[in-house]
A.B. asks: 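One structure, as structure tokens, below. Some questions next.
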Amino acid sequence: MAFFARTLAGTPMPPSFDTVEEERRHRKERLAAAFRLFGKFGFEEGVAGHITARDPERTDHFWVNPFGLSFKHIRVSDLILVNHHGEVVEGERPVNEAAFVIHSRVHQARPDVVAACHTHSTYGRALSALGRKLEPLTQDACAFYRDHGLLDDYTGVVTDLEEGKRIGVALGDYKAVILRNHGLLTVGDTVDAAAWWYITMERSCQVQLLATAAGRPIPIDPDSAALAYRQVGSNLAGWLQFQPLYQQITREQPDLFD
């Protein structure tokens, strides 16, 4: 069974698994929880938005939300498995075309990535419309210091594989990319980390917009920003930050496990 390995100080660590079936179930549970959290935080915009988790056995396949189903209602049993040709391998509902185009190319470009998140959240879209990157204005924003990209143009709804490839190139080796006039995309080596990076990036966009509207923000100096990045910007840090949110949503909405 999966378990929390612990350091001598008692800090929880990402789980280990005895079988691929256990790992698959774990990823799907975390994925369903991430959708519920995104719905709770208001990251939905109609049918736009998707989070994916690479299958641990068929690594050129990913689990994703079915097209047209509210984030607030997604259960483990609702998730569909899609291959890199856009075919639904498991599940009865269709896949969002943009989800396939974006995520298939991101997962293909980044074999280290387990999960990727993209929605049309309010503050991410607002900052993306300015064509700007996040500045190190707060400790939380330093998680993205020199670790996010910018795709600095917009060519319409992403329905072409070449556009998906361009997003993969703009992401590069970073944990996130801002898509101009579109929104945010984050990745991680766990579903937990990818989801946390999206949540905190959206909030950091909000803080930057508020601070800029109020006056002239004072950025953190480069040395201190780099130090803060080392402290809060690792995949393990992202995984840890997600755990309280996972505890909250699974207690509030246990039907997500169905």
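Numbers here are sequence positions counted from 1.
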A.B. asks: Describe, in one word, how the ring planes of His118 and His50 are oriented to each other, choosing from parallel (under 30°), tilted (30 to 60°) and perpendicular (over 60°).
C.D. replies: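 Judged by the thresholds at 30° and 60°, the geometry between His118 and His50 is tilted.
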A.B. asks: Does the plane of the ring in His103 sit parallel, tilted or perpendicular to the ring in Phe62? Use 30° and 60° as the thresholds.
C.D. replies: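 Ring orientation of His103 relative to Phe62: tilted.
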A.B. asks: Which distance, rounded to the nearest 0.5 Å, do you find between the CD1 of Ile74 and the CG of Asp258?
C.D. replies: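 Ile74 atom CD1 to Asp258 atom CG measures 13.5 Å (nearest 0.5 Å).
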A.B. asks: According to a 4.5 Å side-chain heavy-atom criterion applied to Ile, Leu, Val, Met, Phe, Trp and Tyr, with indirect links allowed, do Val95 and Ile51 form part of one hydrophobic cluster?
C.D. replies: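 Cluster IDs for Val95 and Ile51 differ.
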A.B. asks: Supply the atom-to-atom distance Trp196 CH2 to Leu37 CG, rounded to the nearest 0.5 angstrom.
C.D. replies: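 So the CH2 of Trp196 and the CG of Leu37 are separated by 10.5 Å.
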A.B. asks: To the nearest 0.5 Å, what is the distance between CG on Asp60 and CG on Asn83?
C.D. replies: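 These two atoms lie 7.0 Å from each other.
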A.B. asks: Indicate, with yes or no, if Phe242 and Phe35 share a hydrophobic cluster defined by side-chain heavy-atom contacts under 4.5 Å among Ile, Leu, Val, Met, Phe, Trp and Tyr.
C.D. replies: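 Same hydrophobic cluster.
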A.B. asks: Any non-hydrogen side-chain atom of Asp189 less than 4.5 Å from a side-chain atom of Asp112?
C.D. replies: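 A side-chain contact under 4.5 Å is absent here.
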A.B. asks: Decide whether Ile178 and Leu130 are clustered together by the hydrophobic rule: side chain heavy atoms of Ile, Leu, Val, Met, Phe, Trp, Tyr closer than 4.5 Å, transitively.
C.D. replies: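 Yes; Leu130 is reachable from Ile178 via cluster members.
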A.B. asks: Should Glu162 and Arg166 count as an ion pair when the cut-off is N to O under 4.0 Å?
C.D. replies: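 Salt bridge between Glu162 and Arg166, a charged N being under 4.0 Å from a carboxylate O: no.
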A.B. asks: Would a 4.5 Å heavy-atom cut-off, applied to side chains only, mark Thr200 and Gln241 as touching?
C.D. replies: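 SC-SC contact between Thr200 and Gln241 ruled out.
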A.B. asks: Please examine the side chains of Phe41 and Leu245, heavy atoms only from C-beta on, and report whether any two atoms are closer than 4.5 Å.
C.D. replies: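 Touching, per the 4.5 Å side-chain cut-off.
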A.B. asks: State the OG1-CD distance between Thr122 and Glu45, to the nearest 0.5 angstrom.
C.D. replies: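 Here the interatomic distance stands at 6.5 Å.
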A.B. asks: Rounded to the nearest 0.5 Å, how far does OH of Tyr145 lie from NZ of Lys133?
C.D. replies: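 Between Lys133 NZ and Tyr145 OH, I get 11.0 Å after rounding to 0.5 Å.
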A.B. asks: Check this for me, if you would: do Lys40 and Glu252 make a salt bridge, where the nitrogen-to-carboxylate-oxygen distance has to be below 4.0 angstrom?
C.D. replies: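 Yes, charged N to carboxylate O under 4.0 Å.
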A.B. asks: Starting at CZ of Phe71, measure out to CG of Asn65 and round the result to the nearest 0.5 Å.
C.D. replies: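 Separation between the atoms: 5.5 Å.
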A.B. asks: Salt bridge or not between Arg75 and Asp255? Use side-chain N to carboxylate O under 4.0 Å.
C.D. replies: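 Asp255 and Arg75: not salt-bridged.
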A.B. asks: Any side-chain heavy-atom pair from Arg27 and Trp63 closer than 4.5 angstrom?
C.D. replies: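 A side-chain contact under 4.5 Å is absent here.
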A.B. asks: Is any side-chain heavy atom of Gln206 closer than 4.5 Å to a side-chain heavy atom of Glu202?
C.D. replies: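 Counting from C-beta outward, Gln206 and Glu202 never come under 4.5 Å.
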A.B. asks: Decide whether Asp147 and Tyr229 meet the rule of one side-chain donor and one side-chain acceptor closer than 3.5 Å.
C.D. replies: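 Looking only at side-chain atoms, Tyr229 and Asp147 do form a donor-acceptor pair, the distance falling under 3.5 Å.
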A.B. asks: Kindly assign one of parallel, tilted or perpendicular to the pair Tyr154 and His182, based on the angle between their ring planes and the thresholds 30° and 60°.
C.D. replies: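 Answer is perpendicular, since the angle exceeds 60°.
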